[in-house]
Engineer: 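Structure below; questions to follow.
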Amino acid sequence: MSYKALDIAKYVINYCIDKEDVQLISNLKLQKIMYYIQAAFLVETGDVAFQEKISAWRYGPVVEVVYHEFKKYVNSEIDERIDSQVVLENKNVRYAYKVQPYNPDEIFIDDHKKIINKVIRGQDKFAAFQLVARTHEEYPWKNAVENAKPYIDINDMRQYFTQNGERIYGE
């Protein structure tokens, strides 16, 4: 079972806002957390957390749809809680959208929320550029960049993090 990357990103943002013992998150840091969430799901469930590809950008892994959704924050912390979302109401009618509440309890199963929470808490101690440096040390990003691949290979992630799972949780 996989989710939409944007649903996971919204969950991460709200979690960081709601928990007093967790730092607020910037878009740059969010991108690295998304990468580690994908790695955690690959190792712990054997499946992807989300289907969207992870790009190998200059500052590390990026889920482009998430990046574009939150780029308005530039390098500031994302401090606006997400309580609603726009969804397609009718696939047969162009621009037929509606706003509905964003409720992660209706989207995620509890075991998956626990995995996401563990990643957030493990990576929370690092600043955004520390996470950039960490991802630059790791084989999946390095392999994509060195071979001029636009995306990080999911099988590279699975193999690397199966052997280096402690990095997923900031160890």
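Every value quoted in this text rests on a predicted model; they were computed, and no experiment measured them. Values below: every heavy atom of this structure, side chains too, minus hydrogens, waters and symmetry copies.
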Engineer: Locate the shortest heavy-atom distance separating Q38 from E52; write the atom from each residue and the value.
Structural biologist: NE2-O, 4.3 Å
Engineer: Under a 3.5 Å distance rule, please check whether T45 uses its side chain to pair with a backbone N or O of D47 as donor and acceptor.
Structural biologist: yes
Engineer: Assess K113 against Y11: is NZ or CZ under 6.0 Å from the centre of the six-membered ring, and within 45 degrees of the ring's axis?
Structural biologist: no
Engineer: Decide if atom NZ of K53 counts as having more than 12 heavy atoms of other residues, nucleotides or ligands within a radius under 6.0 Å.
Structural biologist: no
Engineer: Can you name the closest pair of heavy atoms from R167 and E138 and give their distance?
Structural biologist: NE-OE2, 2.6 Å
Engineer: Would you say L42 and F161 make side-chain contact, with heavy atoms under 4.5 Å?
Structural biologist: no
Engineer: Looking at K32 and P61, would you say the former's side chain and the latter's main chain have a donor-acceptor pair under 3.5 Å?
Structural biologist: yes
Engineer: Heavy atoms, side chains only, cut-off 4.5 Å: are H112 and Y3 in contact?
Structural biologist: yes
Engineer: Decide, yes or no, whether a salt bridge links R121 with D124 under the criterion of side-chain N to carboxylate O below 4.0 Å.
Structural biologist: no
Engineer: Kindly say whether the aromatic ring centers of W141 and Y35 come within a distance under 6.0 Å.
Structural biologist: no
Engineer: Look at the side chain of D153 and the backbone N and O of D156, then say whether any donor-acceptor pair between them is shorter than 3.5 Å.
Structural biologist: yes
Engineer: Is the closest side-chain heavy-atom distance between M157 and T162 below 4.5 Å?
Structural biologist: no
Engineer: Give a yes or no on whether the ring-centroid distance for Y59 and F129 is below 6.0 angstrom.
Structural biologist: yes
Engineer: Specify the closest pair of heavy atoms between V66 and N27, including all atoms of both residues, with the distance to one decimal.
Structural biologist: O-OD1, 4.2 Å
Engineer: How about V12 and I37: do any of their side-chain heavy atoms sit closer than 4.5 Å?
Structural biologist: yes
Engineer: Are there over 12 heavy-atom neighbours, none belonging to K114, within less than 6.0 Å of that residue's NZ?
Structural biologist: no
Engineer: With a 4.5 Å heavy-atom cut-off, do I25 and Y15 have their side chains touching?
Structural biologist: no
Engineer: How about V119 and I168: do any of their side-chain heavy atoms sit closer than 4.5 Å?
Structural biologist: yes
Engineer: Looking at side-chain heavy atoms only, is the closest gap between D111 and I115 below 4.5 Å?
Structural biologist: no
Engineer: More than 12 heavy atoms of other residues, nucleotides or ligands under 6.0 Å from CD of Q159: yes or no?
Structural biologist: no
Engineer: With a 4.5 Å cut-off on side-chain heavy atoms, are I13 and Y73 touching?
Structural biologist: no
Engineer: Spell out, as yes or no, whether a donor-acceptor pair under 3.5 Å connects the side chain of K125 to the backbone of G170.
Structural biologist: yes
Engineer: Minimum heavy-atom separation for Y160 to Y139, with atom names?
Structural biologist: CD1-CB, 3.7 Å
Engineer: Could you report the tightest heavy-atom contact between A56 and I152, atom names first, then the distance?
Structural biologist: CB-CG1, 4.0 Å
Engineer: Could you tell me which non-hydrogen atom of I33 sits nearest to which non-hydrogen atom of L131, and how far apart they are?
Structural biologist: CD1-CD1, 4.4 Å
